[in-house]
Amino acid sequence: MLTIACLSLSGGQGKTTTAVLLAKSLAQKGYTVLAVDADPQSNLSTFLESDVGEEMPTLLEVFKGTVAIADGIYATGIDHLFLIPSDDALDTVQDYLSSSGVGAMLLGKRLEAMKTVFDICLIDSPPQRSQICKSIIGAAHQILIPCEATVKGYGSLVRTLDAIKELTEIGVSQAQLLGVIPFRDRWVGNNQTHESRMCIQEMITEVGKELVFPSIRESERYKQAISQGKTLSALGAPELESPFETLVQHLTAIIEDNHE
Ligand SMILES: Nc1ncnc2c1ncn2[C@@H]1O[C@H](COP(=O)(O)OP(=O)(O)OP(=O)(O)O)[C@@H](O)[C@H]1O
Ligand SMILES: [Mg+2]
C-alpha cells in the first residue's frame, strides 16, 4: 500500500478537493483506495457520502486502538473506494497523541494492518500544524502539497515543507515529496493572472519544475463535481481533469516501480 498525504498548513488550500478527486480517479482506474479523513472538520467524510452513524467507529477510535482498523473502514458507494471517516470528536486525539510519546508514528502503525488490502491510502489533513499532522507526516510515503496560487498559498507551501523537514531530520518521517499542486490558478480568458503566474513561478523555484503538477484552475466546475458526485468530463469540462490524470500516471509509475 502506497500512503499519500494531502497536506498544506493553511486553510482552504485545496487539500480536500484534491483528496476527493484523486481518490475517485484512482478508484476509477481500478486501484483499491482507502481514503482517510484526518481532519476534524470532516469535509472528506461529507463528500464521500459514507453512511456512518453517530455511534460508529471513526478515525478517533482507530487512532486510540479501541477498535481494529477494519471496523473503522466503510464503503463509499464508489467501487474500490473505502473511507475511514472523522467527526468533530477527532480533535480530542491531539492530547492523546502528545501524551503517548509515539504520536508521530501512530497513524502509520495503525495503517500497517491494511498494507496488503489496499493499493493506495490517501489521507486528507487538517490545516493546522498539530499532533495529527505530525502523525500524518509520519505515516506518509509520499506527500502531495496543494497550495493556492496566491501569496498565502506560497506561505502554506513553505510552512508545510518546513514541518516535513523537521520530522525528517529527527528520523520520524521517510516521506518523499510527491509534488506541489497549484490550486485556484486564475485565468481571464486565455490569460493567466499576474498573481497566479508569479506565485506558481515561486513554487517552481522552491521545489523544482519537475515537482509542480498541472494546476487546478479557479472554476466552479470542481465544486460542482464534488457536490454533485460527477466527473469533470460529465460536467462538460474534460480539460479540467488534467491535474488528476497526470497525478494518476505518476502514481501508477511509482506503484509499478515498488512492485519490481
Ligand atoms: N477549482 C476551484 N476554484 C475555486 N474554488 C474551488 C475550487 N475547487 C474547490 N474550491 C473551493 O475552495 C475551497 C477550499 O477548498 P478545500 O476545501 O479543498 O481546501 P482545504 O485545503 O481542504 O481546506 P481546509 O484547510 O479548510 O480543510 C472550498 O470552498 C472549495 O469548494
Ligand atoms: Mg479540507
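Just the heavy atoms: all of them, side chains too, but no hydrogens, waters or symmetry mates, feed the values below. Worth saying up front: this structure is predicted, and the values here are computed from it rather than measured. In each ligand, atom 1 is the first atom listed, and ligand 1 is the first ligand listed. Residue numbers start at 1 and run along the sequence shown.
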### Message
Check for me whether the distance between the ring centres of Phe82 and Phe118 falls short of 6.0 Å.
### Response
yes

### Task
Using 2.8 Å as the cut-off, note every protein N, O or S atom close to the Mg ion (ligand 2).
Thr16 OG1

### Query
Are Ser8 and Ser156 close enough that a side-chain donor and a side-chain acceptor fall under 3.5 Å?
yes

### Query
Asp162 and Arg129: salt bridge (Lys or Arg N to Asp or Glu O under 4.0 Å), yes or no, with the steps?
CA-CA 11 Å; Asp162 187 55; Arg129 194 166 176 152; 3.4 Å; yes

### Query
Does the side chain of Glu206 pick up a donor-acceptor pair with the side chain of Tyr154 at under 3.5 Å?
yes

### Message
Counting neighbours of CE on Met1 that are heavy atoms of other residues, nucleotides or ligands and sit closer than 6.0 Å, is the number greater than 12?
### Response
yes

### Task
State whether the number of non-hydrogen atoms from other residues, nucleotides or ligands found under 6.0 Å of Gln176 atom CD is greater than 12.
no

### Task
State, without any angle test, whether Ser10 and Arg159 hold a side-chain donor-acceptor pair at a distance under 3.5 Å.
yes

### Message
Counting only heavy atoms and a distance below 4.0 Å, can you name the residues contacting ligand 1?
### Response
Ser10, Gly11, Gly12, Gln13, Gly14, Lys15, Thr16, Thr17, Asp39, Gln41, Pro127, Phe183, Arg184, Ile216, Arg217, Glu218, Ser219, Tyr222, Lys223

### Query
With no hydrogens and no angle check, do the side chains of Glu61 and Thr58 hold a donor and an acceptor under 3.5 Å apart?
yes

### Message
Whether the Asp124 and Thr16 side chains hold a donor-acceptor pair (N or O, under 3.5 Å, no angle test) is what I'd like checked.
### Response
yes

